[in-house]
S.K.: 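Just passing along the structure, written as structure tokens.
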Amino acid sequence: QVQLVESGGGSVQAGGSLRLSCAASAIANGIYCMGWFRQAPGKERDRVATYSVAGTTGYADSVKGRFTISRDNAKNTLYLQMNSLTPEDTAMYYCAAEHYRGISCGDKKEADFRYWGQGTQVTVDS
């Protein structure tokens with residue numbers, strides 16, 4: 001069982017930056033694909049970025065070049081650095097993890113992830 005706890009959300013002006021963190025209770029043997037998803041009010045939960053056990057990253061087109069996902073296995077922590085934020089980035093952001101040894105997990109969907117955090121709210125004001 002893996003427990004995930006997100007932090008780092010908040011309110012920021014358009015053009016600003018935030019860094020989200022996801023502390024995991026355990027990443028046994030590093031056999032997890034981890035990712036960030038987001039859900040805006042009235043919309044579906046969408047994949048934002050993923051990080052595979054091999055270190056391969058994947059990004060949604062809407063955040064490429066602005067967001068960076070990273071992972072510190074020693075600290076059992078996943079990060080999402082978000083730059084050049086726009087009001088369209090306003091959403092609840094969720095951390096997710098799943099057992100998966102693949103080189104890349106950029107094609108994994110919401111239903112493919114078993115473990116989820118409680119979410120952290122990001123609000124970008126225009």
Side-chain angles (χ1 to χ4, degrees):
Q1 184 73 17
V2 176
Q3 293 181 332
L4 305 172
V5 179
E6 302 97 334
S7 61
S11 295
V12 64
Q13 293 292 315
S17 299
L18 284 173
R19 188 176 82 152
L20 305 183
S21 298
C22 171
S25 58
I27 308 179
N29 299 319
I31 57 170
Y32 287 82
C33 166
M34 299 189 73
W36 289 97
F37 287 72
R38 66 185 181 186
Q39 186 169 23
K43 295 187 177 181
E44 295 182 349
R45 190 176 300 189
D46 294 327
R47 183 180 64 241
V48 175
T50 56
Y51 196 105
S52 77
V53 67
T56 303
T57 58
Y59 296 93
D61 288 341
S62 60
V63 306
K64 282 182 181 177
R66 300 188 300 123
F67 290 11
T68 302
I69 189 171
S70 62
R71 178 169 164 176
D72 187 334
N73 286 336
K75 296 182 178 180
N76 289 338
T77 303
L78 182 75
Y79 301 98
L80 185 68
Q81 177 66 44
M82 305 185 295
N83 299 327
S84 301
L85 286 162
T86 73
E88 288 69 35
D89 296 315
T90 295
M92 184 71 79
Y93 283 70
Y94 297 91
C95 175
E98 183 51 75
H99 299 279
Y100 183 67
R101 297 179 181 271
I103 294 174
S104 172
C105 57
D107 60 343
K108 294 301 179 184
K109 301 177 179 58
E110 178 184 0
D112 295 323
F113 288 85
R114 188 181 333 178
Y115 306 108
W116 291 86
Q118 83 290 349
T120 185
Q121 177 67 38
V122 171
T123 302
V124 184
D125 299 317
S126 58

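Atom set for the values below is all heavy atoms of this structure, side chains included, hydrogens, waters and symmetry mates excluded. Computed from a predicted structure; not experimentally measured.
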S.K.: Please give the remaining members of the hydrophobic cluster of Ile103, linking ILVMFWY side chains under 4.5 Å, ordered by chain and number.
M.R.: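 Members other than Ile103 - counting any ILVMFWY side chain reachable under 4.5 Å - there are none.
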S.K.: Apply side-chain contact (heavy atoms from CB on, under 4.5 Å) to Asp46 and list each qualifying residue two or more places apart in sequence or on a separate chain.
M.R.: Glu44
S.K.: Could you pull out all residues at least two apart from Ser84 that satisfy side-chain contact (heavy atoms from CB on, under 4.5 Å)?
M.R.: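 Once residues adjacent in sequence are excluded, the partners of Ser84 under the side-chain contact (heavy atoms from CB on, under 4.5 Å) criterion are Arg66.
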S.K.: Between Asp72 and Lys75 (side chain of the first, backbone of the second, donor and acceptor by atom type, cut-off under 3.5 Å), is there such a pair?
M.R.: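 Answer holds: yes.
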S.K.: Rounded to the nearest 0.5 Å, what separation is found between the CG atom of Leu85 and the OG1 atom of Thr90?
M.R.: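 Reported to 0.5 Å precision, the distance equals 8.5 Å.
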S.K.: Each residue besides Trp116 in its hydrophobic cluster should be listed here, by chain and number; the cluster joins Ile, Leu, Val, Met, Phe, Trp and Tyr at side-chain heavy-atom distances under 4.5 Å.
M.R.: Phe37, Met92, Tyr94, Phe113
S.K.: Just wondering, do Asp89 and Arg38 contact through their side chains at under 4.5 Å, heavy atoms?
M.R.: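 Side-chain contact under 4.5 Å: yes.
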S.K.: For Glu110, give me all partners under salt bridge (charged side-chain N to carboxylate O under 4.0 Å, His left out), at least two apart in sequence or on another chain.
M.R.: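 Listed in chain order: Arg45.
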S.K.: Quick check against the 3.5 Å criterion: does Arg47 have a side-chain atom that pairs as donor or acceptor with the backbone of Gly58?
M.R.: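 No, because the side chain of Arg47 does not come within donor-acceptor range (under 3.5 Å) of the backbone of Gly58.
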S.K.: With a 4.5 Å cut-off on side-chain heavy-atom distances among I, L, V, M, F, W and Y, is there a chain of contacts connecting Leu20 to Tyr79?
M.R.: no
S.K.: Under 4.5 Å between any side-chain heavy atoms of Tyr100 and Lys108, yes or no?
M.R.: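 Heavy-atom side-chain distance check passes, below 4.5 Å.
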S.K.: Which residue pairs pass the side-chain hydrogen bond (donor to acceptor under 3.5 Å, both in side chains) test when at least one of the two sits in residues 48-59, sequence neighbours left out?
M.R.: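 Residue pairs passing side-chain hydrogen bond (donor to acceptor under 3.5 Å, both in side chains), neighbours aside: none found.
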S.K.: Can you list, pair by pair, the side-chain donor-acceptor contacts under 3.5 Å of residues 119-126, counting residues two or more places apart and other chains?
M.R.:
| from | atom 1 | to | atom 2 | distance (Å) |
| --- | --- | --- | --- | --- |
| Thr120 | OG1 | Gly9 | N | 3.1 |
| Gln121 | NE2 | Ala91 | O | 3.4 |
| Gln121 | NE2 | Thr123 | OG1 | 3.4 |

S.K.: With sequence neighbours left out, which residue pairs that include part of residues 96-126 fulfil the disulfide bond (SG atoms under 2.5 Å apart) condition?
M.R.: Cys33-Cys105
S.K.: Please step through side chain to side chain contact (heavy atoms under 4.5 Å, CB included) for the pair Trp36 and Ile69, ending with a clear verdict.
M.R.: CA-CA 8 Å; Trp36 289 97; Ile69 189 171; 3.7 Å; yes
S.K.: Do you know the tightest heavy-atom contact between Asp112 and Glu98?
M.R.: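 Residues Asp112 and Glu98, closest heavy atoms: O-CG, 3.1 Å.
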S.K.: Show me the pairs that pass disulfide bond (SG atoms under 2.5 Å apart) and involve residues 59-97, at least two apart or across chains.
M.R.: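 Sorted result for residues 59-97: Cys22-Cys95.
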S.K.: Can you sort out the partners of Ala97 under side-chain contact (heavy atoms from CB on, under 4.5 Å), two or more places apart, ordered by chain and number?
M.R.: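 With neighbours one apart ignored, the set is Leu4, Tyr32, Met34, Tyr115.
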S.K.: Restricting to side-chain hydrogen bond (donor to acceptor under 3.5 Å, both in side chains), what partner residues turn up for Gln39, sequence neighbours left out?
M.R.: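 Listed in chain order: nothing, the list is empty.
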S.K.: Nearest 0.5 Å please: distance from the CG atom of Leu80 over to the OG atom of Ser21.
M.R.: 9.5 Å
S.K.: Could you work out, with side-chain hydrogen bond (donor to acceptor under 3.5 Å, both in side chains) as the rule, every residue matching Lys64, not counting sequence neighbours?
M.R.: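 Expected list: Asp61.
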S.K.: Among side-chain atoms of Ser17 and Asn83, is any donor-acceptor pair under 3.5 angstrom?
M.R.: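 A donor-acceptor contact under 3.5 Å links the two side chains.
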